[in-house]
Amino acid sequence: MKYDHKKIEKKWQKRWLQEKVFAASEKSKKPKFYQLETFPYPSAAGLHVGHPKGYIAEDIHARFMRMQGKEVLYTMGWDAFGLPTENYAIKVGKAPQEVAEENIKNFKRQVQMFGLSYDWDREINTASPDYYRWTQWLFIKLWEKGLAYRAKAKVNWCPKDQTVLANEQVIQKQIAKGKSQDTVGVCERCETPVEQREMEQWFLKITDYAERLLEDLNLVDPDANEEIRLAGAGWPAATIKRQEDWIGKSEGALINFKLKTLNFKQDLGEIEVFTTRPDTLFGATYLVLAPEHGLIAKCKSQIVNWEEVEKYIAQASHKTELMRMAGAQDPPSHKASEGQGKTGIELKGIRAINPATKEEIPIWIADYVLGSYGTGAIMAVPAHDERDKEFAEKFHLPIAVKTLISWDEALKISGGVKKIQYRLRDWSVSRQRYWGVPIPMIHCDACGINPVPEKDLPVELPRLKEYRPKGVPPLASSEKFIKVKCPKCGVTARRDSETLDTFVDSSWYYLRYTDPKNEKEPFDKAKAKHWLPVDLYVIGAEHTVLHLLYSRFITKFLQDEGYLSFSEPFLKLRHVGLIQGSDGQKMSKSRGNVVNPDDIVAEFGADAVRLYEMFMGPFEDGQPWDPRGVIGAERFLKRFVNFVLEGIEAKAKTTQKESLSFIHKTIKKVGDDIAAFKFNTAISALMILLNEIGVKPIAASNLEDIVKLIHPFAPHLGQELWSRLKHDTMLDFEPWPEYDAKLMYDETVQLVIQVNGKVRNIVIASKGISQGEAEKLALASEKVKSFISGKPKKIIFVPGRLINFVI
RNA sequence: GCCGCGGUGGCGGAAUGGCAGACGCGAUGGACUCAAAAUCCAUUGUCCGUAAGGGCGUGAGAGUUCGACUCUCUCCCGCGGCACCA
């Protein structure tokens with residue numbers, strides 16, 4: 001057989017699809033295994049060769065698990081809502097619906113060309129009303145429990161995309177500011193500097209789950225039942241760390257400071273601060289409030305420098321924009337130390353009393369204190385805190401000596417209480433754009449905000465001719481959409497005109513895969529219980545905070561509501577390392593280093609590309625694309641085909657044992673490596689096997705084993721060779737070969753002889769050679785003897801491996 | 001600044017306390033060919049040596065050990081994350 005990849009790949013892909021070979025059934029008696037991968041955002045650009053890397057790895061794993069006797073749920077879907085599609089649609093003058101449909105079609109074709117063993121009957125699309133009606137349902141459930149709420153808040157506004165961004169969607173970027181460097185928050189999609197705006201928004205109360213999201217990172221199975229592992233156990237340590245850092249738990253105390261005013265007529269009460277260092281209370285020499293702190297307005301009449309204070313507050317509220325403008329205009333003489341200094345102003349006319357020292361201390365406002373964290377007020381301890389010290393030195397505030405007391409004493413003196421704070425903020429989910437899930441709420445002047453009744457779901461996204469962003473939600477301009485009867489009182493009310501952040505869409509998709517066609521519920525409880533939690537999830541490292549945290553939150557919420565019976569959705573996580581362009585840079589259109597998989601697959605075949613991408617290096621690392629590398633993979637596959645076909649001709653002529661130990665070693669190595677996601681060394685082991693056995697005769701059963709070993713990596717080829725070996729079964733459901741540990745070892749070993757730790761000779765010895773025999777054998781060698789004079793001080797013997805003479 | 005990960009031939013990488021550079025790419029030489037491609041064979045860390053052989057070598061320096069790419073400490077460089085969270 002000539003290795004005609006086009007012919008065999010087409011042939012088997014067609015059969016796999018037509019016969020629904022990989023359909024997963026919950027009725028199967030086999031143990032389940034649920035594999036998930038980040039469902040793609042179908043962009044107009046299509047895939048580049050880097051995208052399928054994670055999919056290929058999952059497919060190898062899925063096929064391996066099937067051969068291990070597991071019923072594998074492994075499927076694909078489309079995260080189809082979102083800004084890039086909408087922006088692209090605007091650019092080309094089409095409806096987002098059409099663009100999304102075209103993109104999905106193209107993505108599906110490209111994905112299918114790699115021969116991935118998905119159950120296509122479970123395909124989902126977040127932009128389809130069948131799906132998003134349940135996203136809306138989920139939102140309403142959250143609202144019913146008080147976990148979705150509207151609040152006026154300072155939000156991140158992207159002026160280019162004309163929409164709000166979650167904190168997690170704002171990335172810090174360094175900008176040159178004269179000679180110095182400064183950072184600005186920019187939109188993660190278009191890199192436009194983000195502005196601060198005060199807006200009324202929908203939020204999801206993820207902070208209610210902060211403690212559980214943190215605690216459950218450490219979940220282990222109490223019964224040590226290997227079949228039921230819980231979250232954390234199978235996660236990379238760095239991912240757990242990043243989640244912990246993001247939640248940012250700190251333990252501290254709330255302490256009240258009495259207020260004192262120059263004018264004794266008014267009682268101003270107390271001011272509450274949050275501190276993680278109550279033990280430094282004696283060193284608190286001044287207080288600092290965030291500019292938005294409520295006390296400031298309350299004390300207006302007591303503050304003698306009100307005009308200045310007001311001016312400072314106004315400046316601080318526009319800080320993001322101002323900093324950006326200043327950055328562009330600053331003269332080059334601007335020094336980093338000056339530019340990055342803290343700003344602030346004293347509230348003259350009021351003072352606080354330090355409860356430990358009883359001294360009067362000044363009160364300042366400064367924008368280095370955040371209104372949204374703790375109480376928005378701090379006690380400044382310049383003797384112990386670098387930031388406070390910097391501020392104190394700049395404004396000539398007193399720095400007390402270092403005095404530490406116990407927490408208990410500090411709380412007793414001040415009447416403070418212990419308090420736990422989290423860095424995590426609530427999740428802003430409102431978007432003022434068109435291409436997303438309409439928020440299923442109705443605003444009525446009389447009854448307030450109420451959800452759309454469940455029977456009226458989905459609230460379909462209407463087709464709009466004009467959907468471009470103008471700062472107000474595009475849906476608001478559609479009278480037909482907006483006008484609705486209030487579900488409570490029946491009078492004319494208004495639909496919510498915002499759409500949901502697409503992270504809401506993807507926060508529950510892994511649940512829908514278990515029951516994708518259900519029209520009555522988001523999923524059937526029994527089916528979810530059968531398949532979930534997800535056993536293995538391959539995601540990009542960029543999702544370790546956002547998507548992962550949101551999904552965990554939603555899972556816990558649905559557990560609380562009785563829909564799910566577990567608290568953590570993903571047992572084992574693996575991150576895929578990005579393939580770079582041949583220039584070592586990230587693949588991008590603008591750099592012109594994008595490699596299109598269509599061309600590569602057409603030339604070398606899916607199997608060769610699969611093999612190469614897995615062979616490049618460690619899965620979680622990124623490597624540059626080497627156009628020659630695929631050729632190497634193709635060469636190996638050709639040699640493999642010849643090896644097997646020659647083997648078939650010579651078949652049954654031998655019961656050869658010569659190469660047996662090698663085959664058993666390789667069976668173990670390949671299996672262990674697939675399970676550990678070490679695909680590069682698994683492939684290397686197969687190459688070594690082929691090099692080693694070469695033209696030696698081999699028994700028919702061993703030949704079949706070798707075909708099974710390559711099958712997960714090159715399934716079209718594996719299946720084709722399997723059929724050439726006169727089998728009409730699907731190789732994916734044949735048992736993975738077993739290795740015999742007794743047969744893995746050779747009778748002889750290469751014994752390394754060292755003198756003072758340096759290798760001086762290597763001799764062949766029997767496996768079980770004793771130390772005495774080894775010494776004799778070693779000293780029989782002239783080479784070794786020439787390095788030894790007199791009696792060795794010490795002899796180290798590692799059985800079956802090494803003998804070292806210490807002189 | 002803080003946290004995390006990493007640094008091994010010309011390149012991707014292998015080896016997690018016991019032969020450094022597996023496997024692959026590239027390169028050099030050879031076979032086949034009218035020729036080229038493809039394929040096959042050999043060589044391929046570096047220095048000294050005709051050779052046998054030996055010295056050096058995993059970012060730098062120290063340490064632990066009979067023995068260190070591997071463990072410990074200090075430093076340098078690269079990548080990623082967080083960034084006034086009191």
Side-chain angles (χ1 to χ4, degrees), chain A residues 171-172 183 185 236-242 244-246 248-250 252-253 273-278 280 284 287-288 290 340 342 366-381 384-388 390-391 421-425 541-542 544-545 577-580 582 584 611-612 615-618 620-636 638-639 642 678 680-691 750-762 783 786-787 792-798 800-807:
Chain A
I171 51 173
Q172 296 300 315
T183 58
T239 303
I240 294 175
K241 182 88 185 9
R242 284 192 63 188
E244 284 171 350
D245 288 351
W246 196 262
K249 179 178 182 173
S250 30
V273 305
F274 173 70
T275 179
T276 54
R277 297 293 307 275
T280 64
L287 298 187
V288 189
Q340 305 219 322
K342 294 183 180 0
D367 63 7
Y368 83 93
V369 173
L370 306 174
S372 53
Y373 183 80
T375 61
I378 63 160
M379 60 177 218
V381 187
H384 287 275
D385 186 287
E386 271 307 308
R387 296 158 304 183
D388 295 342
E390 188 198 327
F391 192 81
Q421 280 289 333
Y422 300 91
R423 219 186 61 120
L424 184 70
R425 306 291 152 86
E542 71 275 19
T544 48
V545 177
L578 289 180
I579 294 179
Q580 303 133 13
S582 335
L611 200 77
Y612 170 58
F615 183 66
M616 290 173 89
E620 305 208 350
D621 293 353
Q623 295 89 17
W625 180 263
D626 176 5
R628 298 292 310 181
V630 199
I631 298 174
E634 192 198 26
R635 272 183 204 154
F636 169 69
K638 282 181 180 167
R639 283 198 296 133
N642 291 336
K678 288 157 80 175
N680 55 333
T681 48
I683 293 166
S684 157
L686 287 169
M687 289 171 169
I688 295 168
L689 179 74
L690 212 62
N691 293 344
Q750 294 198 321
L751 188 75
V752 174
I753 302 165
Q754 294 184 339
V755 178
N756 282 341
K758 290 200 179 214
V759 178
R760 294 305 177 187
N761 203 357
I762 296 164
K783 253 197 247 177
S786 67
F787 287 95
K793 270 190 223 154
K794 203 172 175 185
I795 298 170
I796 312 282
F797 179 64
V798 183
R801 258 200 171 155
L802 165 145
I803 185 160
N804 183 16
F805 295 89
V806 185
I807 306 298

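Below, chains carry the letters A, B, ... as their sequence lines are ordered, and counting in each starts from 1.
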Worksheet item: With a 4.0 Å cut-off on heavy atoms, is A/D621 in touch with a base, just the backbone sugar-phosphate, or nothing at all?
Response: nothing

Item to complete: Would you tell me if any nitrogen or oxygen in the side chain of A/R760 comes within less than 4.0 Å of OP1 or OP2 on B/G53?
Response: no

Discussion item. It should be established whether A/N691 places a side-chain nitrogen or oxygen under 4.0 Å from OP1 or OP2 of nucleotide B/G24.
Written reply: yes

Discussion item. Below the 4.0 Å mark, does B/U39 have OP1 or OP2 next to a side-chain nitrogen or oxygen of A/R635?
Written reply: yes

Worksheet item: Looking across every strand, which nucleic acid part, if any, lies under 4.0 Å from A/F797 by heavy atom: base, sugar-phosphate, or nothing?
Response: nothing

Worksheet item: For A/R760, what residues pass the side chain to side chain donor-acceptor pair (under 3.5 Å) criterion, not counting sequence neighbours?
Response: none

Fill in: 5' priority, RNA chain B, between A/G757 and A/I631 [closest heavy atom]
A/I631

Worksheet item: Looking at the side chain of A/K758, which of B/C23, B/A20, B/C56 is the nearest nucleotide?
Response: B/C56

Practice prompt. Indicate syn or anti for B/G55, taking the glycosidic torsion and treating anything within 90° of 0 as syn.
Written response: anti

Worksheet item: Taking the side chain of A/I688 as its heavy atoms from C-beta onward, which of B/G24, B/A22, B/G12 lies nearest to it?
Response: B/A22

Discussion item. Any side-chain N or O of A/Y368 below 4.0 angstrom from OP1/OP2 of B/A86?
Written reply: no

Practice prompt. Would you please confirm or rule out a distance under 4.0 Å between OP1 or OP2 of B/A83 and any side-chain N or O of A/R423?
Written response: yes

Worksheet item: Under 4.0 angstrom, heavy atoms only, what part of the nucleic acid is A/G632 near: base, sugar-phosphate, or nothing?
Response: sugar-phosphate

Discussion item. Give me the distance, rounded to whole Å, that separates B/C41 from B/C19 when you measure between the C1' atoms they each carry.
Written reply: 26 Å

Worksheet item: B/G18 phosphate, OP1 or OP2: any side-chain N/O from A/N804 under 4.0 angstrom?
Response: no

Worksheet item: Does A/Y612 use its side chain to pair, donor to acceptor, with the backbone of A/D626 at less than 3.5 Å?
Response: yes

Worksheet entry | N/O (side chain, A/T681) to phosphate O (OP1/OP2, B/G13) under 4.0 Å | no

Worksheet item: B/C66 phosphate, OP1 or OP2: any side-chain N/O from A/K794 under 4.0 angstrom?
Response: yes

Discussion item. Base of B/C84, side chain of A/E390 - is there a donor-acceptor contact under 3.5 Å?
Written reply: no

Worksheet item: With a non-hydrogen cut-off below 4.0 angstrom, is A/E386 in contact with a base, only sugar-phosphate, or nothing?
Response: nothing

